[in-house]
Amino acid sequence: MTRNDLLQMTVYLIALLLLVKPLGAYMARVFADTPTGMTRLGAPVERRLFRLCGIRADEEMDWKRYALALLIFNILGLLVLYALQRMQQWLPLNPQHLGAVSPDSAMNTAISFASNTNWQGYAGESTMSYFTDLLGLTVQNFLSAASGIAVLLAVIRGFARRNADKVGNFWVDLTRATLYVLLPLALLLALALSSQGVIQNFRPYVQAHVLQQTRAQVDGALVTGTPAGARTQLLPMGPAASQIAIKQLGTNGGGFFNANSAHPFENPTPLSNFLEMLALLLIPAALCYTFGEMVGDRRQGWALLATMTLIFVPLMVGCVAAEQAGNPALHGLAVNQQAGPLQAGGNMEGKEVRFGIADSGIWATATTAASNGSVNAMHDSFTPLGGLVPMWLMQLGEVIYGGVGSGLYGMLAFAVVAVFIAGLMVGRTPEYLGKKIEAYEMKMASLVVLIPCALVVIGTAIAVMCKSGLAGMANPGAHGFSEVLYAFSSAGNNNGSAFAGLSADTPFYNTLLGACMFIARYPLMIGMLAIAGSLAGKKRVPASSGTLPTHTPLFVVLLALTVIVVGALTFLPALALGPIAESLMATGH
Amino acid sequence: MRLLFRQSVSLLLIMTLLTGVLYPLLCTGLAQALFPRQADGSLIIRHGQIVGSRLIGQSFTSPAYFWGRPSATSPGPYNADASSGSNLGPTNPALRRAVERRIAALRAADPDNTASIPVDLVTASGSGLDPDISPAAAEYQLSRVAESRHLAPAIVQRMITASTRGRTFGVLGERRVNVLELNLRLDGLWPKH
């Protein structure tokens, strides 16, 4: 690993952690209805909006009604997105005359964007019209993120309230998260990105007359390149910056182009890359502070953030180190993989020169720690151990920062499990934040923790037993298995990144992965809302000498171990067949 | 239930207008006003013709041009309408074969050069459209380009330096040479300041 690798990781972490408190405190004020400059500006819009929709902002919901509102709203959005893709050939803003998306692919994408997964089964530049991009994909990028925040807010109220039967108003939470958090941040980021060269226009694709006719040797035969076969290159256009800004901020991850954030029009410079990486973890990390503020004990929020960072840092360092070490399969060839002042070196297959190793490794770790899933390098071509890191981070349940809202409520489920384990050890009824954790909460928390694990393992098993599952593998041997395992880890935890060699745009994978994404999202949300409802109704037990404090380094370590043990016990056998086997084979000969 | 449904429909409609129409239009208006060149794709226009984008690489195979990264787009390399990496796994024998083939092509174009080849020049980029190569990859090709153009190496070296970008703030990203810019300089098509 080079000095600059370390420096870039440090700069990234420091910048991220410095932003946690200001943004976290701002969000706490927005959601606690304390006036801020932003909310004063938005108040008239908000009032009119609620009046138009017949929503009474002061009317709170119990957890069941909250869940019902969430489900109806999300499924409606999902169906609209499906319809838009199926009808885009008749709709405006389609300068390339792209046809309807196939039914299975459209359903997969609709579930994927509504559930905040944003698994990209399609190639954006040749599939989606600008109309679908804007009114379908961009909208769901906002609303799925806001839905995650809403569920988190209900859970926080569950901890903060006592003897209450209401957990908040879903419409209000969703609207405020969108108006005061996501929209302003996205607007700022979109402008910053377009200053760097991310495109933002409604033009048809542009024909460029290139310097030299495209030729390529493919297995000895000379083929003439571009589809036109002449000296031209068709440059894609479109409103990319607005979609990419919210794709990063909302832990969505579905790209405007096929190559996602490796594409120079999505991510043109090291600075755009830094901003996109920062946006990726910004809200999930800041929500930890918001949580502490709203439950009345900031130390609780810092403890959760510390747990996440404790797991994140070594995995990030490991990923960068593995990639910087280069690909052993190229040893013996006249290839220089050494880092030096004139090149980044390392395993450059699937990576971009402007990002080199450090930025690609940090991104891969951050995007899978968060349930973002955007990529700036092709994970499929990472070294076996470099690729193990993103895969395992997803399998940990997307709670290391995790998705917007969903990461923190997932981590809270783990916290419930952790205090329960601690309670078993000393023989006391476990408590968390002054609330007794009893059988009902434990059952729900266990479901929340175990459903994604089951989806990944069972989904992978089905795929490797089916002909149509095996047919999708692009690489031979253990790596082919890794591709399938990665796909289900991604869908079963709402991440959305891929070992993209897998041909997943088939009816088989579109359906199976679509089902996984749906189950990984909504039953978990309902489980967490059930916990919120149950906790809200309980009284607060005052802390005694026998209470396990949950803001101490001891608890941070206990929580981190709980997350790691669940992830390791469930997935070690599968990982041994994939990346670990491949790593042993790569270094063996 | 019926009330929730009605509220859902109207809120979704309004949110679609807000985040799917107003927000992107506002972004487009501001970006086009503040950064028009960037928002339209950083296009390079010479003699009234669009010759490409500064951000999107092109395929170069002539010994008189600097070559960019290998590109895995299909059907041909640097197809900007179908960005893609190779997605070859690290231990896939096809990856090693592809690298061997690229080494052979570089050696055939420049038989006297026996230096070991910078890795970015023989591995496919993530997007298939990478506009840059490392300074090492440019150095490696310097003598071949200078020779086939009958230029003094020092002149070509100056062009490389002019097309090189450092790390942002000395920290972020990597040093890189923009291949299209460099080749336009060679052809005398890059404006001199």
Side-chain angles (χ1 to χ4, degrees), chain A residues 49 53 55 69 72-73 76 134-135 138-139 142 190 194-195 197 199-201 208-210 212 214-216 225-226 233-235 239 242 257-259 262-264 268 270-271 274 327 329 334-337 342-344 348-354 356 377-378 380 383 475 479 500-501 582 586, chain B residues 4 7-8 10-12 14 16 19-20 24 27-28 30-31 35 38-42 49-53 55 58-62 76-77 79-81 83-85 87 89-92 96 103 116-120 122-123 125-127 129-132 134-136 168 172-174 176 183:
Chain A
L49 187 153
C53 302
I55 291 167
I72 294 176
F73 187 75
L76 201 66
L134 294 182
L135 278 84
T138 304
V139 171
F142 277 100
S194 58
S195 81
I199 55 176
Q200 180 72 22
N201 59 56
H209 299 267
V210 297
Q212 193 208 313
T214 309
R215 285 197 207 89
T226 58
Q233 189 182 37
L234 190 62
L235 298 170
S242 55
F257 302 108
N258 187 44
H263 197 295
L271 185 59
F274 185 74
N327 183 356
V335 178
N336 181 3
Q337 300 191 68
L342 293 184
Q343 68 162 2
M348 282 299 288
E349 180 73 25
K351 295 189 181 64
E352 301 278 299
V353 166
R354 62 194 179 283
M378 296 303 130
D380 212 348
T383 60
N475 283 286
H479 197 82
E582 190 186 13
Chain B
L4 284 181
Q7 290 169 329
S8 264
S10 34
L11 189 60
L12 182 61
I14 293 178
T16 302
T19 61
C27 287
T28 313
L30 288 171
F35 320 108
Q38 292 94 319
D40 280 345
S42 310
Q49 215 178 35
I50 298 170
V51 295
S53 161
L55 295 176
Q58 297 181 2
S59 173
F60 293 102
T61 45
S62 148
N79 178 5
D81 193 28
S83 60
S84 168
N87 285 309
T91 57
N92 191 333
R96 196 182 154 96
I103 295 173
S116 85
I117 301 169
V119 61
D120 59 298
V122 291
T123 48
S125 62
S127 62
L129 306 172
D130 196 339
D132 304 312
S134 66
T168 310
L172 305 178
E174 295 295 337
R176 59 210 186 273
N183 285 334

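These values consider heavy atoms only, across backbone and side chains, with no hydrogens, waters or symmetry-generated copies. We name chains A, B, ... by the order of the sequence lines, and we start the count at 1 in each one.
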Within the 4.5 Å heavy-atom criterion, are B/Gln58 and A/Gln233 side-chain neighbours or not? yes
Region of A/His479 that comes under 4.5 Å of a non-hydrogen atom in chain B: side chain
Choice from A/Gly501, A/Ala262, A/Gly350 maximising heavy atom contacts with chain B below 4.5 Å: A/Gly350
How many angstroms lie between CZ in B/Phe35 and OG in A/Ser194, if you round to the nearest 0.5 Å? 5.5 Å
Considering non-hydrogen atoms only, spot the tightest contact between A/Phe142 and B/Thr19 and give its length. CD1-CB, 3.4 Å
Among the listed options B/Thr28, B/Asp120, B/Thr168, the residue most often paired with chain A at heavy-atom distances under 4.5 Å: B/Thr28
Heavy-atom closest pair, residues A/Pro264 and B/Leu129: CG-O, 3.8 Å
Among the options A/Leu134, A/Thr383, A/Ile55, A/Leu49, pick out the one with the most heavy-atom pairs lying under 4.5 Å from chain B. A/Leu134
Quick one: are B/Asp40 and A/Ile199 in side-chain contact, heavy atoms under 4.5 Å? no
Where does A/Ala344 contact chain B at under 4.5 Å (heavy atoms): side chain, backbone, both or neither? both
Approximate separation, where rounding is to 0.5 Å, of B/Leu4 CG and A/Ile72 CD1: 5.0 Å
For the interface with chain A, which of B/Ala39, B/Ser134, B/Ala136 has the highest count of heavy-atom pairs at distances below 4.5 Å? B/Ala39
Heavy atoms only: give me the nearest A/Ala329-B/Pro90 pair and the separation to one decimal. CB-O, 3.4 Å
For A/Asn475, the option from B/Thr91, B/Asn87, B/Asn92 that meets side-chain hydrogen bond (donor to acceptor under 3.5 Å, both in side chains): B/Asn92
Quick one: are A/Glu352 and B/Ser127 in side-chain contact, heavy atoms under 4.5 Å? yes
Closest non-hydrogen atom pair between A/Leu135 and B/Gly20, with its separation: CD1-O, 3.9 Å
So do the side chains of B/Asp130 and A/Arg354 get within less than 4.5 Å of each other, counting heavy atoms only? yes
Approximate separation, where rounding is to 0.5 Å, of A/Asn258 CG and B/Ser83 OG: 4.5 Å
Heavy-atom pairs under 4.5 Å with chain B, option from A/Gln343, A/Glu349, A/Met348 with the top count: A/Glu349
Does any backbone or side-chain atom of B/Leu55 lie under 4.5 Å from a heavy atom of chain A? Answer side chain, backbone, both or neither. both
Let's test your reading of the structure: which of B/Ile50, B/Ile103, B/Val122 forms the most heavy-atom pairs below 4.5 Å with chain A? B/Ile50
Region of B/Leu30 that comes under 4.5 Å of a non-hydrogen atom in chain A: both
Greatest number of heavy atom pairs closer than 4.5 Å to chain A - which of B/Thr123, B/Asn183, B/Asp132: B/Thr123
Let me know if A/Asn327 has heavy atoms under 4.5 Å from chain B in its side chain, its backbone, both or neither. side chain
N/O donor-acceptor pair under 3.5 Å between A/Gln212 side chain and B/Phe60 backbone: no
Report yes if the side chains of A/Leu271 and B/Leu172 come closer than 4.5 Å at any heavy-atom pair, otherwise no. yes
Residue from B/Pro118, B/Ser42, B/Gly89 scoring the most non-hydrogen pairs under 4.5 Å with chain A is B/Gly89
Could you report the tightest heavy-atom contact between B/Gln7 and A/Cys53, atom names first, then the distance? CG-O, 3.5 Å
Distance from B/Glu174 atom CD to A/Leu342 atom CG, nearest 0.5 Å? 11.5 Å
Highest number of heavy-atom pairs under 4.5 Å with chain A among B/Gly85, B/Cys27, B/Pro131 belongs to B/Cys27
Would you mind checking which part of A/Phe73 comes under 4.5 Å of any heavy atom in chain B, side chain (CB onward), backbone (N, CA, C, O), both or neither? both
Testing the basics here: between A/Ala259 and B/Gly126, what is the closest heavy-atom pair and its distance to 0.1 Å? CB-O, 4.2 Å
